[in-house]
K.L.:
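One structure follows; several queries about it will come next.
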Amino acid sequence: MSGKRVVTLTINGDQTEVLCEPRQTLLEVLRNNLDFTGTKEGCSNGNCGACTVLMDGRPVVSCLVLAVEAEGAELRTIEGVACGSHLDEVQSAFLEGAALQCGICTPGFIVQTEALLAENPNPSEDDIRFYLAGNLCRCTGYDKIVRAVQAAAEKRQVARSV
Amino acid sequence: MATADKPKYKVIGTRPVRHDGADKVTGRAKYGADIKLTGMLYGATLRSPHAHAKIKSIDTSKAEALAGVRAVVTSADLPEQGDRIVELGEGAANMRHLTANVLARGKVLYKGHAIAAVAADNIHIAEEAIKLIKVEYELLPPVLDVRKAMSAESPVLNDDIRTESVGSAPASKDSKPTNIAKHFLFEKGDIAAGFAKADVIVEREFDTSMVHQGYIEPHNATVFWNTDGKITVWLSTQGSFSVRQQTAELLKVAISNVKVVPTEIGGGFGGKISVYLPPVAAMLSKKSGRPVKLVMSRTSVFEATGPTPGSHMKVKLGATKDGKLVAGEAWIAFEAGAYTGSPIGPACMCVFACYDLPNGRVEGFDVCVNKPRTNAYRAPGSTHVAFATETLINEICEKIDIDPADFRIKNAAKEGVRRVDGPVYARVGMVETVEAIKNSEHYKAPLEGKHRGRGIASGFWFNCGLKSAASATVNPDGTVSLLEGSTDIGGSRTGIAMQLAEALGITAEEVTPTVGDTDSVGYCDVTGGSRVTFATGIAAIEAAKDIQRQLIARAAMIWDVDASKVSYSDGGLHGPAGKHLSFKEIAAKLHGTGGAVIGRGTSSEATQGGAFGTHCVDVEVDVDLGKVQILRYTAAQDCGTAIHPSYVEGQIQGGAVQGIGWALNEEYWYDEKGEMRNATYLDYRIPTCYDVPMIDTIIVEVPDPQHPYGVRGVGEVPICPPPAAIANAIYDAVGVRMHDLPMSPPKLLAEILKKES
Ligand code: FES
Ligand code: FES
């Protein structure tokens, strides 16, 4: 298909220009053109949440966004969650709480959780389950994921209050 | 909860952060689809739109002519296999069926059956090219129902299948091709005399739908066929050595010409053992001279990988009025899918496995239908039969008015009991798991409220041993690099490293585990059968002992004493006159005393002791909608010795939630043409976190005497009890007994309305 376009994206704070076809999804461009393979593909039709990234602060399933639609957007992917060599509270809570088994769903859950905690720093169990219901995990039964999100929220609250 | 006096361990039973954790929470871990090689092409697969048809012709010329297309393959590019049965690590396979499943030969047997594949400069060109391939079909009537497929009038899928008899089943007299690929029969005692002693007999028929493992990562493979004939395969798999063998056999090349590099794997549950893509990508690579990557779509994963069978079962149980099981009989037919190979054998062995049943008869059939070739799914076959047996047990308990936990304890399988199919149990923990539930806060808590009910059920899985290998190198800084070949789906490399650490008296963090490729580690069977923590664990412990022996020799040399005067314990070496070197100290001296110390270990255990679990669930039924809400869930399981309790709990929780999905909404929903109408996640609907509550776990520890630390595999048992436990809870809530999975809202509502009218 002809008619390639240059799309300008800011990914994890760095501005990037990428040449892509109009039919390419943001997910494909992130993974294939730009090698941001931390964002995962589980279904490519918006059902599993593995491809979740933050676009201008809002969580989106990147398999349902065309790369050209993201022109000018600020993106945050799993690669931009840790601060330098320090894991953030959500990442370390997932590790300490054994909230991953195979780990393929983990980037999507962590990014979605970042959005949740930005919106609602003190979520109830029901808030968490509702907000994360678009992210599928087949390994954990969700118990340890929900607990990890609770632990991360608590850690952040404590960090804020000191 | 410990049921025996627990030995004191330093590492085992602790909860270190897993070694691959940082990579997995930062997005750095490389899974199969993340592989990118210089010059790599992208592939797409043409799949059958029909469930059953003859292929009259395939014309690939237009696809080949499309700019950017580099290679096209069909089954004509794969070697003929003939009638060969090959042992593939966890079960045998008929190579003619395996190759026809990879790329259809002459006939398509299910919708989604792969027919041809294209490699092109990018995925979009490959997908366009697929649409240019012309296939002429002659449609055949689809065979979709297991019982109809067994009848003499049914169209036959494979002209090379005759019924194979297993156990004490009589040899088939029919020489005509059939859909019944296998006939199992197991008998114990005197079934007629047994039922004659019964005061109460219940007999019911059960149906379950085909379900999928549902791992979030689709199948993938990237293959490069080099000019020297060496083939390298990068993929996510449950068994690199099994992929090596299957790929080599399918391409008719030597196994030493195939190197399998396992990437991180995004779930498997039994579904990532069989190969689909590697031989196809290999042929595309051979033809194009470039590496080729194939990744399945989610719909292809549903339609064309190996879900677990739907079934029809008839089960009958008899008991005395004082609560003793006297006889049981089961007739089980499994949908094998397009080719033989459903887990009907294990189903027949598991159906009464939780109980001390004096008289039993089990008959099973493996039946071909026009659906994808089925495969293992977590305790394959056991969940189906647990649904039947465990709901009948509760029905008996109600009839003779006995607590279902007490009944299970009274009749539980224990050491010395012989299963209907023959084997005699060693020390097992069935009784202990029921007791754990009976004594749990959950079981004792009153359950109040309208349309609420509670149910319990038990489950069994054998757990297998098979072959594993590990090697471990001592580093000069006192750490150990552990290399093993069991692909790690849920944290197993840490569980294995912890066993090595325990054996050497060092910390889990001082061991760095790596999962190696098939050219760098010794043979390991698949990550399946709940075997890895057990069997690869034993291999790692053996490697630790080998290290100890070598370190003893070094210390003897350093101290100039006889090696028999040196011993290894508590993380260090002890010699005469109070001489002592810690592991760290001796590690620092290795370079000056002969170089590297590399420990090697293997294991090859025929079996494990077997594992049991018992679950308790509270539900609330919406009687206007037929929808079931899980209110509370507790799962007790005997895991022998928990190496890393968090991951043991995780296995139990994950298995239980898969069982909940199977119980309440998952199913392959076919139309009359044989098309699966819900082949997306949205329509197939695995549980989300909003569907389930926290899953409480009770770890029961009855050590398995076959493992140095008493490990029993954990992964599979937890999927078995949920459907029956939930069915029992539904009965307790609204008084209807469900015999059909899934117990989805329309089905449950129909039963509720039937009862009301
Ligand atoms: S890959 Fe985007 S939602 Fe599944
Ligand atoms: S950890 Fe495997 S899908 Fe979530």
Side-chain angles (χ1 to χ4, degrees), chain A residues 1 21 23-24 28 31-32 35-50 77-82 87 90-92 94-108 110 125-126 128-130 132-147, chain B residues 15 17-18 20-31 33-34 36 122-124 213-218 264-269 295 297-299 488-491 644 646-647 649-658 660 680-682 686-697:
Chain A
M1 208 191 246
E21 296 181 29
R23 63 183 168 184
Q24 285 189 285
E28 186 190 342
R31 288 178 53 81
N32 283 5
D35 291 334
F36 282 93
T37 53
T39 303
K40 300 301 177 194
E41 174 172 356
C43 68
S44 260
N45 58 5
N47 294 168
C48 77
T77 69
I78 184 67
E79 289 89 349
V81 171
L87 297 180
V90 180
Q91 291 170 313
S92 46
F94 268 63
L95 277 190
E96 281 153 21
L100 54 143
Q101 283 176 31
C102 80
I104 195 88
C105 67
T106 309
I110 288 175
E125 182 187 336
D126 194 68
I128 295 169
R129 289 187 182 274
F130 187 76
L132 298 180
N135 290 72
L136 299 179
C137 173
R138 191 59 158 173
C139 299
T140 63
Y142 304 106
D143 182 302
K144 293 190 190 303
I145 292 179
V146 174
R147 289 181 202 276
Chain B
R15 302 175 188 241
V17 165
R18 59 197 277 173
D20 53 332
D23 275 350
K24 285 185 174 158
V25 298
T26 55
R28 299 215 161 265
K30 287 274 178 261
Y31 292 77
D34 302 336
K36 197 172 184 183
N122 66 48
I123 184 70
H124 304 284
Q213 299 84 353
Y215 32 77
I216 306 297
E217 179 204 35
E264 297 299 339
I265 168 172
F269 315 109
V295 180
S297 71
R298 177 55 50 185
T299 294
D488 176 0
I489 318 186
H644 192 309
S646 296
Y647 288 96
E649 293 157 6
Q651 286 293 324
I652 297 173
Q653 291 162 336
V657 169
Q658 282 185 319
I660 291 170
T680 64
Y681 269 141
L682 190 65
I686 68 174
T688 72
C689 61
Y690 206 59
D691 297 324
V692 288
M694 295 295 187
I695 308 292
D696 294 332
T697 57

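Computed over heavy atoms, backbone and side chain alike; hydrogens, waters and symmetry mates excluded. Here is the naming used below: chain letters follow the sequence lines, and residue numbers restart at 1 for every chain.
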K.L.:
Pick whichever of A:Val81, A:Asp35, A:Thr77 has the most heavy-atom pairs under 4.5 Å with chain B.
P.N.:
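Option with the greatest count: A:Asp35.
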K.L.:
At a heavy-atom distance under 4.5 Å, which candidate from B:Ala29, B:Ala656, B:Pro687, B:Gly491 has the highest pair count against chain A?
P.N.:
B:Pro687
K.L.:
Tell me, side chain or backbone of A:Ile110 under 4.5 Å from chain B's heavy atoms, or both, or neither?
P.N.:
side chain
K.L.:
Which pair of non-hydrogen atoms, one from A:Gln91 and one from B:Val25, has the smallest distance, and what is that distance?
P.N.:
NE2-O, 2.8 Å
K.L.:
For the interface with chain A, which of B:Gly268, B:Ser646, B:Cys689 has the highest count of heavy-atom pairs at distances below 4.5 Å?
P.N.:
B:Cys689
K.L.:
Looking at B:Pro218, B:Gly214, B:Ser297, which makes the most heavy-atom pairs under 4.5 Å with chain A?
P.N.:
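Highest number of pairs under 4.5 Å: B:Gly214.
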K.L.:
Is it the backbone or the side chain of B:Arg28 that comes under 4.5 Å from a heavy atom of chain A, or both, or neither?
P.N.:
neither
K.L.:
Between chain B and each of A:Lys40, A:Arg138, A:Gln101, count heavy-atom pairs under 4.5 Å; write down the option with the most.
P.N.:
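The answer is A:Arg138.
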K.L.:
Need one label for A:Leu136: side chain, backbone, both or neither, based on atoms under 4.5 Å from any heavy atom in chain B.
P.N.:
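For A:Leu136, heavy atoms of backbone and side chain both lie under 4.5 Å from chain B.
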K.L.:
Return the option, out of B:Gln213, B:His644, B:Arg15, with the maximum number of heavy-atom pairs under 4.5 Å with chain A.
P.N.:
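Option with the top pair count is B:Gln213.
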K.L.:
If you tally heavy-atom pairs under 4.5 Å against chain B, which of A:Ala98, A:Cys139, A:Cys102, A:Gly97 wins?
P.N.:
A:Cys102
K.L.:
So which heavy atom on B:Asp696 is nearest to which on A:Arg147, and how close?
P.N.:
OD1-NH2, 4.4 Å
K.L.:
Which atoms of A:Thr140 come close to chain B, meaning under 4.5 Å heavy atom to heavy atom: side chain ones, backbone ones, both, or neither?
P.N.:
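Contact with chain B is through the backbone of A:Thr140 alone.
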K.L.:
For chain A, find which of B:Asp20, B:Ile686, B:Ile695 contributes the most heavy-atom pairs closer than 4.5 angstrom.
P.N.:
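Of B:Asp20, B:Ile686, B:Ile695, B:Ile686 has the most heavy-atom pairs under 4.5 Å with chain A.
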K.L.:
Donor-acceptor check, side chain of B:Arg298 to backbone of A:Cys48, threshold 3.5 angstrom: yes or no?
P.N.:
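No, because the side chain of B:Arg298 does not come within donor-acceptor range (under 3.5 Å) of the backbone of A:Cys48.
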K.L.:
Mind checking what makes salt bridge (charged side-chain N to carboxylate O under 4.0 Å, His left out) contact with A:Glu41, not counting sequence neighbours?
P.N.:
none
K.L.:
If I compare all heavy atoms of A:Val146 with all of B:Met694, which pair ends up nearest, and what's the gap?
P.N.:
CG1-CE, 3.6 Å
K.L.:
B:Glu217 versus chain A, heavy atoms under 4.5 Å apart: side chain, backbone, both or neither?
P.N.:
both
K.L.:
At a 4.5 Å cut-off on heavy atoms, which part of A:Asn135 comes close to chain B: side chain, backbone, both, or neither?
P.N.:
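It is neither, since no heavy atom gets under 4.5 Å.
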K.L.:
Within the 4.5 Å heavy-atom criterion, are B:Asn122 and A:Glu21 side-chain neighbours or not?
P.N.:
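Answer yes - side chains close enough.
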K.L.:
Are A:Tyr142 and A:Arg129 close enough, and set up right, to give a side-chain contact (heavy atoms from CB on, under 4.5 Å), and what steps lead you there?
P.N.:
CA-CA 9 Å; A:Tyr142 304 106; A:Arg129 289 187 182 274; 4.2 Å; yes
K.L.:
Report yes if the side chains of B:Tyr647 and A:Lys144 come closer than 4.5 Å at any heavy-atom pair, otherwise no.
P.N.:
no
K.L.:
What do the steps show when you test B:Lys24 against A:Thr106 for side-chain contact (heavy atoms from CB on, under 4.5 Å), and what is the final call?
P.N.:
CA-CA 7 Å; B:Lys24 285 185 174 158; A:Thr106 309; 5.5 Å; no
K.L.:
For each of B:Asp34, B:Ile265, B:Val657, B:Asp488, tally heavy-atom pairs with chain A at distances under 4.5 Å, and name the one with the top tally.
P.N.:
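Most pairs with chain A among the choices: B:Asp34.
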K.L.:
Counting only heavy atoms closer than 4.5 Å, note whether B:Ile123 contacts chain A via side chain, backbone, both or neither.
P.N.:
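The side chain, not the backbone.
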K.L.:
Looking at chain B, which one of A:Asp126, A:Val90, A:Leu87 has the largest number of heavy-atom pairs inside 4.5 Å, strictly under?
P.N.:
A:Asp126
K.L.:
Could you tell me which non-hydrogen atom of B:Tyr215 sits nearest to which non-hydrogen atom of B:Tyr681, and how far apart they are?
P.N.:
O-OH, 3.0 Å
K.L.:
Contact between B:Tyr690 and A:Leu132 at the side-chain level, heavy atoms closer than 4.5 Å - yes or no?
P.N.:
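Of all side-chain heavy-atom pairs linking A:Leu132 with B:Tyr690, none is under 4.5 Å.
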